[in-house]
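Below is one structure, written out as structure tokens; the observations come after it.
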Amino acid sequence: MAAAGGSGGASRADNGYGSQQPRRRKGPGALATAYLVIYNVVMTAGWLVIAVGLVRAYLAKGSYHSLYYSIEKPLKFFQTGALLEILHCAFGIVPSSVVLTAFQVMSRVFLTWAVTHSVKEVQTEDSVLLFVVAWTITEIIRYSFYTFSLLNHLPYLIKWARYTLFIVLYPMGVSGELLTIYAALPFVRQSGLYSISLPNKYNFSFDYYTFLILVMISYIPIFPQLYFHMLHQRRKVLSHTEEHKKSE
């Protein structure tokens, strides 16, 4: 579940308006474009706030341990704000798959709220900082990429970063997510967090501990597929850019 977009290593679909693929799609209308520009500018600024917060906290403390608390509120706010991307697809503002986008966005929201927020004991884990840093760098690049693409003025450096830095950021984010979920397991098992046991009037049981293990296992088939997909996209997009430069 979280593997799809939790790591954020540029695996999120290009959402139509930012793909810059050789095959052009019809873009959104003027009103939708204006809205999308505002949305992406706000999201870029939000993740920049998180980045600055991390740096300031590190400089003040002189340590990278427990930096999560310095950016907890903006992280929750702007990561949850990504849910609007699902609506963008559902309403046809961008031509990406609703199912794929929902899967990717919800995976991160899940890790933010159902794991890191809900199991407070893991908030001091260094693994949290690992995925937060990966998410932050990725999202600053991603939303900048979308903004400039919508304005038809995409700097090559941002395009290159969008399709290159994921090579490091994606494994980094996935590692942080898996280690954080793993660290949460004993506390979830001890507290029975979100679990429903029988008997009850609904005749239904749910073991959140087992669910988290299944989430971790889901990374095995999903991560390689998305990673190699992005490598393919990188070759496709950047090679097209080089060919375009040569033809000019």
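These values consider heavy atoms only, across backbone and side chains, with no hydrogens, waters or symmetry-generated copies. Just so we're clear, the structure is a prediction, and the values are computed from it rather than from any experiment.
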Review point. Quick one: does V42's side chain get under 4.5 Å of I38's, heavy atoms only?
Key: yes

Exercise for review: Report yes if some heavy atom in the side chain of I222 is under 4.5 Å from a heavy atom in the side chain of F103; otherwise report no.
Suggested key: yes

Exercise for review: Classify the side-chain pair T80/W113 by whether it contains a donor and acceptor separated by less than 3.5 Å.
Suggested key: yes

Study note, to complete from the structure: In this structure, OG1 of T116 is separated from CG of L75 (nearest 0.5 Å) by 8.0 Å

Practice item. Could you walk me through whether I213 and I217 pass the side-chain contact (heavy atoms from CB on, under 4.5 Å) test, one step at a time? Key: CA-CA 6 Å; I213 292 176; I217 293 174; 4.0 Å; yes

Practice item. Sort out for me which residue in Y163, F223, F228 forms a ring-ring contact (aromatic ring centres under 6.0 Å, His included) with Y170. Key: F223

Exercise for review: Identify whether F77 and L87 are in the same connected component of the hydrophobic contact network (ILVMFWY, side-chain heavy atoms under 4.5 Å).
Suggested key: yes

**Study point:** Crowding at OH, Y58 (>12 non-hydrogen neighbours, <6.0 Å)
**Key:** no

**Study point:** Distance-minimising heavy-atom pair for S195 and Y209
**Key:** OG-N, 4.4 Å

Practice item. For side-chain contact (heavy atoms from CB on, under 4.5 Å), just list the numbers for H65 and D126, CA-CA rounded to whole Å, side-chain angles, deciding distance to a tenth of an Å, and then say yes or no. Key: CA-CA 6 Å; H65 297 294; D126 292 342; 2.9 Å; yes

Review point. Partners of E125 by salt bridge (charged side-chain N to carboxylate O under 4.0 Å, His left out), sequence neighbours excluded?
Key: none

Check your understanding: If every non-hydrogen atom of S127 is compared with every non-hydrogen atom of L179, which pair is closest and at what distance?
Key -> CB-CB, 3.5 Å

Check your understanding: Is there a side-chain contact (heavy atoms from CB on, under 4.5 Å) between L169 and V133 once you walk through the steps?
Key -> CA-CA 9 Å; L169 293 174; V133 170; 5.8 Å; no

Point to revise | Nearest atoms (heavy-atom pairs only) where Y219 meets P224 | key: O-CD, 3.8 Å

Point to revise | Hydrophobic cluster identity match, V49 and Y146, side-chain contacts under 4.5 Å | key: no

**Study point:** Cluster link L84 to F110, ILVMFWY, side chain under 4.5 Å
**Key:** yes

Review point. Rounded to the nearest 0.5 Å, what separation is found between the CG atom of L48 and the CZ atom of F78?
Key: 10.0 Å

Practice item. Using modelled atom types only, decide if a donor and an acceptor are shared between the side chain of T164 and the backbone of A161 within a distance under 3.5 Å. Key: no

**Study point:** Neighbour count >12 (heavy atoms, 6.0 Å) for atom CG, L59
**Key:** yes

Review point. Taking the side chain from T33 and the backbone from P28, do they hold a donor-acceptor pair closer than 3.5 Å?
Key: yes

Check your understanding: Roughly how far, to the nearest 0.5 Å, is NZ of K61 from OH of Y69?
Key -> 9.0 Å

Practice item. Can you see which heavy atom on I196 is nearest to which on F204, and at what distance? Key: CG2-O, 3.5 Å

**Study point:** side-chain contact (heavy atoms from CB on, under 4.5 Å) between K236 and Q233, intermediate numbers included
**Key:** CA-CA 5 Å; K236 185 177 179 181; Q233 287 295 100; 4.0 Å; yes

Practice item. Measure across T138 and A134 and return the closest heavy-atom pair with its distance rounded to 0.1 Å. Key: OG1-O, 2.8 Å

Review point. When rounded to the nearest 0.5 angstrom, what is the spacing between CG in L111 and CD in Q79?
Key: 9.0 Å

Point to revise | Residue pairs, two or more places apart or on separate chains, that pass salt bridge (charged side-chain N to carboxylate O under 4.0 Å, His left out) and touch residues 188-213 | key: none

Review point. For K73, what residues pass the salt bridge (charged side-chain N to carboxylate O under 4.0 Å, His left out) criterion, not counting sequence neighbours?
Key: none

Point to revise | ILVMFWY network linking I140 to V55, side-chain heavy atoms under 4.5 angstrom | key: yes

**Study point:** Between OG1 on residue T44 and CD on residue E139, distance to nearest 0.5 Å
**Key:** 9.0 Å

Exercise for review: Please round to the nearest 0.5 Å and tell me the distance separating atom CE of M216 and atom OG1 of T180.
Suggested key: 9.5 Å

Practice item. Report yes if some heavy atom in the side chain of M230 is under 4.5 Å from a heavy atom in the side chain of I167; otherwise report no. Key: no

Check your understanding: Hey, any chance F91 and V37 share a hydrophobic cluster, counting ILVMFWY side chains that come within less than 4.5 Å of each other, even indirectly?
Key -> yes

Exercise for review: Using a strict 4.0 Å threshold on nitrogen-to-oxygen distance, state whether R142 and E85 make a salt bridge.
Suggested key: yes

Review point. Any side-chain heavy atom of M43 sitting closer than 4.5 Å to one from T147?
Key: no

Review point. Under the 3.5 angstrom rule, does the side chain of Y64 hit a backbone N or O of L129 as a donor-acceptor pair?
Key: no

Review point. Is the side chain of S118 donor-acceptor paired with the backbone N or O of V115 at a distance under 3.5 Å, no angle test?
Key: no

Point to revise | Neighbour count above 12 (heavy atom, 6.0 Å) for F206 CZ | key: yes

Review point. Can you tell me if H88 and Y35 form a side-chain donor-acceptor pair at under 3.5 Å?
Key: yes

Exercise for review: Report yes or no: does N203 contribute a side-chain atom to a donor-acceptor pair with the main-chain N or O of N200 at less than 3.5 Å?
Suggested key: no

Study note, to complete from the structure: Heavy-atom nearest pair, V119 first then L193, reads CG2-CD2, 3.8 Å

Check your understanding: Any side-chain donor paired with an acceptor under 3.5 Å for S96 and T101?
Key -> no

Check your understanding: Can you check whether F211 and Y194 have ring centres sitting under 6.0 Å from each other?
Key -> no

